[in-house]
Amino acid sequence: MRFGVLTGGGDCPGLNAAVRAVVYRAARAGHESVGFLDGWKGVRDGQSRPLRPSDLVDAVTRGGTILGSSRTNPFAKPEDADRALATLDRLGIDVLVAIGGDDTLSAARELHRRGRRVVGVPKTMDNDVGGTDWTFGFDSASTVAMDAVGRLRDTAASHHRVVLLEVMGRHAGWVALATGLAAAADATLLPEEPYDEPRLLARVRAAVAARGYALVVVSEGVDLGQAAGTAAAHDEFGHELLRERGVGATLARRIEAATGIESRSAQIGHIQRGGPPTLFDRLLATRLGAAAVDLALAGRFGEVAVLRGEEVRGVPFDDALRETKRVPPAWRDLLHTFEAE
Ligand code: F6P
């Protein structure tokens, strides 16, 4: 068989590990692999490269994606879908392995519905794909953010300031939750909870009174009730680019105005998405990439390799994509255990 593989959507550490696992696992079973460049764009435009194990020997150690990525929707226009299908036919692709988040996997499901053999691998630093316990990229991104809070602690303490760190995560607060918990922030704001300004100000005042500074982690997706009409760029799948709203900077201004305590904010943006994957992400990506090939070899097309507990297994696209996974009450309760007055 000839396997095609693509990485779509926002990049994250672990993508190369997953691609490597696909190519090695397929090669071990006697099959060859082709990589599509820049996600669905490469399928639509017919841009690909052969992939051999020797091309990927140490790819597990590297961040980003050697295949490139994009937020291209191959079903945006009927003619785009026709071109994508024609590419698969022309290159003789027997199975396509789509590695991506909700958007990329939704396009993969559509391709499967149109009769193609497709399997999926979930990834995203947001950790919000419903069908899997964890996605690779999340651990690496949260580790970077945790380290950033440690650095901000030094400067916040020196200047007796309130310092906010805005982290990515779109409409799920997993990165903020992990960062706030692991870096001992004084307050952590998640999109899953309504914004409570009096509570935030009380937390900040208490921390400054206790030790002279305060650290706040805020997810980019928190709704501060900003006026409509503030900057709102969108990607090709129609998602608002939340960092443009600048919730961290807005909050810093509000806190300073309300408390009189000098406040600063930092936005680490795409720094969270780069760099080598953590051990956890390397292992998870490797397991899921290999499992996707195993699903295909077993004829289980239309499935996504996911992590449930300790086990990697296949579930139908519909199960994997049923819902956006948000931070549930038990995790939020644990977070707030450390924010007691
Ligand atoms: O979905 C992953 C993610 O990193 C989000 O956390 C963030 O909101 C978005 O992508 C940023 O997208 P872009 O890289 O297109 O600016």
Does [X] use its side chain to pair, donor to acceptor, with the backbone of [Y] at less than 3.5 Å?
X: Ser69; Y: Asp38; result: no
X: Thr135; Y: Thr124; result: yes
X: Lys41; Y: Arg71; result: no
X: Ser48; Y: Gly35; result: no
X: Arg300; Y: Gly302; result: no
X: Arg153; Y: Ala184; result: yes

Practice prompt. List the steps, then state whether side-chain contact (heavy atoms from CB on, under 4.5 Å) holds for Thr132 with Val129.
Written response: CA-CA 6 Å; Thr132 185; Val129 178; 4.2 Å; yes
Assess whether a salt bridge exists between [X] and [Y], defined as any Lys/Arg side-chain N lying under 4.0 Å from an Asp/Glu carboxylate O.
X: Glu339; Y: Arg199; answer: yes
X: Arg116; Y: Asp89; answer: yes
X: Glu110; Y: Arg114; answer: yes
X: Arg332; Y: Glu192; answer: no
X: Arg254; Y: Glu197; answer: yes
X: Arg113; Y: Asp318; answer: yes
X: Arg25; Y: Asp294; answer: yes
X: Asp45; Y: Arg83; answer: yes

Among [options], which residue meets the side-chain contact (heavy atoms from CB on, under 4.5 Å) test with [X]?
X: Phe301; options: Leu295, Leu96, Val95; result: Val95
X: Leu56; options: Val22, Asn16, Ile66; result: Ile66
X: Val163; options: Val216, Val149, Leu152; result: Leu152

Distance-minimising heavy-atom pair for [X] and [Y]:
X: Phe136; Y: Leu15; result: CE1-N, 3.6 Å
X: Val222; Y: Val247; result: O-CG1, 3.4 Å
X: Arg62; Y: Asp58; result: NH1-OD1, 2.8 Å
X: Phe36; Y: Gly4; result: CE1-CA, 4.0 Å
X: Arg287; Y: Glu310; result: NH2-O, 2.9 Å
X: Leu201; Y: Ala258; result: CD1-CB, 3.7 Å

Under a 3.5 Å threshold, yes or no: a donor from one side chain and an acceptor from the other, between [X] and [Y]?
X: Asp11; Y: Thr65; answer: no
X: Thr278; Y: Asp139; answer: yes
X: His112; Y: Glu303; answer: no

As an exercise, state the distance from [atom1] of [X] to [atom2] of [Y], rounded to the nearest 0.5 Å.
X: Asp82; Y: Arg44; atom1: CG; atom2: CZ; result: 13.0 Å
X: Thr143; Y: Asp281; atom1: OG1; atom2: CG; result: 7.5 Å
X: Ile93; Y: Arg2; atom1: CD1; atom2: CZ; result: 5.5 Å
X: His160; Y: Ile261; atom1: NE2; atom2: CD1; result: 12.0 Å
X: Glu166; Y: Leu164; atom1: CD; atom2: CG; result: 9.5 Å

Fill in: Residues forming a side-chain hydrogen bond (donor to acceptor under 3.5 Å, both in side chains) with Glu262, sequence neighbours excluded
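side-chain hydrogen bond (donor to acceptor under 3.5 Å, both in side chains) list for Glu262, sorted by chain: Arg161, Arg264.
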Worksheet item: Is the NZ or CZ atom of Arg28 positioned over Tyr24's six-membered ring, under 6.0 angstrom from the centre and within 45° of the axis?
Response: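 Checked: cation-pi criterion not met.
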Worksheet entry | Face-on cation placement of Arg282 at Phe280 ring, 6.0 Å and 45° thresholds |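 The answer is no; the distance or angle limit is not met.
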